[in-house]
Amino acid sequence: MSSERPGAGPASLATGLACPVPFTDTDRVLLGHGSGGTMTADLIARCFLPAFRNEYLARLDDQAVLPAAGGRLAFTTDAYVVTPLFFPGGDIGTLAVNGTVNDLAMAGARPLYLSAAFILEEGFPLGDLHRLVASARAAAERAGVLVVTGDTKVVERGKADGCFVVTSGLGVVEHAAAISSDRARPGDLVVLSGPIAAHGAAIMAARADLELDTPVVSDTAPLHRLVAAMLATGADLRCLRDPTRGGLATALNELADRSGVGIVLDERAIPVEEPVRGLLELLGLDPLYVANEGRLVAVVAARDADRLVARMREHPEGRQACIVGEVVADEDRLVVLETAVGGRRIVDRLAGDQLPRIC
């Protein structure tokens, strides 16, 4: 791995405030099924993939890249149930736009159009709705996308927790690269665009109404322009993921599993801002499992990694980009952390739901 690693020091190794490991043979949906971790993967494999199986869905990427006349299109959909609706650095409207744009960006697509469906609870304040819509509009303008269709539903009081938002996005893929979660190869390097865990930490601080000396602010931001700059370098980008639910640990486990490889991370290289680190240590949460909404992780051919990082650092969303790990041959497909004190530990998927309603 490159010696150029500007990590922010040791990250918390706390076990995390996960719920007790749930039974996976239950006949009911549990909160852990929405964690993005092991139970989510199991639910998808047992329920949705058999029902809708096709070559595009089977790739299990953040979006589907589809053939179209004269090129390729990227298509994605997502739902947002975050609580609270307003948090430091954003709100559910900003989050819905940026999250959908970023899912398209992880295929290297240029986002073009979004849909937005609002599910509202009877009694929800119209002032809050106007505020959320204004935030979504501003986020769409910043990202250069149009919201071209949508829907509104109202359910009885107590049935929707204020407001849920469902978005879909369409973008155009204007490059020839094959970027997918199954393309990581031994010897490749893992690149992170910046400090992790700010979004999840901001949500938890808002829920607990904590007054912090240094406020923790969500990192929510659109990443498609950063990805375009990365593609412009000509680097051999194998995989791209935005580590949202389940954090960096879950995203890398998904890549390792899909590519049939192992990944070794250097804890000292993984940046975590000090206010975020302090809050998560207070809460007993591991930053590797905490959600991000304005960060990406890339797997790139080793020969291109330093050049790619240098270009990323020229971009506002990648100023603290760094190399944090290496892809290795491993038939067990493990993600392993080399700790700051010289040990090694397996970084597995979440079994339960550490932070429900985070996005």
Side-chain angles (χ1 to χ4, degrees), residues 1-11 62 89 98-99 101-109 143 175 177 179 181 183-184 187-201 217-244 247-252 255 263-277 287-288 290-327 335 337-338 340:
M1 286 183 278
S2 168
S3 60
E4 187 177 12
R5 292 178 186 160
D62 290 326
N98 288 343
V101 164
N102 290 346
D103 281 348
L104 295 172
M106 295 308 105
H175 59 84
I179 301 172
S181 57
R183 293 196 63 240
D188 292 345
L189 296 183
V190 179
V191 173
L192 185 64
S193 66
I196 63 171
H199 174 71
V217 177
S218 171
D219 60 9
T220 179
L223 297 173
H224 58 297
R225 295 187 180 96
L226 173 61
V227 173
M230 295 165 67
L231 286 166
T233 66
D236 187 359
L237 284 172
R238 319 276 205 198
C239 315
L240 287 172
R241 277 292 169 102
D242 56 335
T244 53
L248 180 63
T250 296
L252 291 179
L255 295 181
I263 295 175
V264 177
L265 295 174
D266 181 354
E267 182 184 31
R268 296 165 298 178
I270 300 172
V272 184
E273 293 177 339
E274 286 305 320
V276 172
R277 186 195 312 281
L288 291 175
V290 176
N292 312 269
E293 289 291 347
R295 297 287 178 252
L296 65 79
V297 60
V299 176
V300 60
R303 64 180 180 275
D304 299 327
D306 287 334
R307 173 163 54 95
L308 180 69
V309 168
R311 179 65 184 92
M312 292 173 70
R313 289 179 179 174
E314 297 173 2
H315 193 279
E317 305 303 336
R319 286 178 182 148
Q320 298 184 63
C322 53
I323 297 168
V324 297
E326 182 176 5
V327 179
V335 177
L337 182 74
E338 293 182 342

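Heavy atoms only, all atoms of each residue included: Ala340 and Glu267 are closest at N-OE1, 2.5 Å. Nearest heavy atoms, Pro243 versus Asn292: O-ND2, 2.8 Å. Pro271 and Cys322 get closest at one heavy-atom pair: CD-SG, 3.6 Å. Here the closest non-hydrogen pair linking Met106 and Asp62 is CG-OD2, 3.6 Å. Across all their heavy atoms, Leu255 and Arg241 have their closest contact at CD2-CG, 3.8 Å. Between Leu240 and Ala298, the closest heavy-atom pair is CD2-CB, 3.5 Å.
For Arg311 (side chain) and Leu231 (main-chain N/O), no donor-acceptor pair under 3.5 Å exists by modelled atom type. Looking at Arg313, its side chain does come within 3.5 Å of a backbone N or O of Ala321 through a donor-acceptor pair. With hydrogens and angles ignored, the 3.5 Å screen pairs a side-chain donor or acceptor of Arg277 with a backbone N or O of Val272. Of the possible donor and acceptor atoms, one in the side chain of Arg307 sits under 3.5 Å from a partner among the backbone N and O of Thr233. Under a 3.5 Å cut-off, the side chain of His224 and the backbone N or O of Ala143 do form a donor-acceptor pair.
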Practice prompt. Kindly determine whether Arg295 and Asp219 satisfy side chain to side chain contact (heavy atoms under 4.5 Å, CB included), including the steps that lead there.
Written response: CA-CA 8 Å; Arg295 297 287 178 252; Asp219 60 9; 3.5 Å; yes
Worksheet item: Where do Ile323 and Asp306 land on the side chain to side chain contact (heavy atoms under 4.5 Å, CB included) test, with the steps shown first?
Response: CA-CA 8 Å; Ile323 297 168; Asp306 287 334; 3.5 Å; yes
Discussion item. Would Leu288 and Ile270 count as a side chain to side chain contact (heavy atoms under 4.5 Å, CB included) here? Give the steps.
Written reply: CA-CA 9 Å; Leu288 291 175; Ile270 300 172; 3.9 Å; yes
Discussion item. Side chain to side chain contact (heavy atoms under 4.5 Å, CB included), that's the test. Do Leu223 and Val101 meet it? Break it down for me.
Written reply: CA-CA 8 Å; Leu223 297 173; Val101 164; over 6 Å; no
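With respect to Ser193, the side-chain contact (heavy atoms from CB on, under 4.5 Å) criterion is satisfied by exactly one of Asp242, Val297, Val227, Leu226: Leu226. The only member of Leu308, Asp188, Val309 that meets side-chain contact (heavy atoms from CB on, under 4.5 Å) when paired with Val300 is Leu308.
Within the model, atoms CG of Asn98 and NE2 of His199 stand 10.5 Å from one another, a figure rounded to the nearest 0.5 Å. Between atom CD of residue Glu338 and atom CD of residue Glu326 there is a gap of 9.0 Å, rounded to the nearest 0.5 Å.
At a threshold of 4.0 Å, the pair Asp236-Arg303 counts as salt-bridged, since one of the basic side-chain nitrogens sits closer than that to a carboxylate oxygen.
Counting heavy atoms from C-beta outward, Arg225 and Glu317 have side chains that stay 4.5 Å or more apart.
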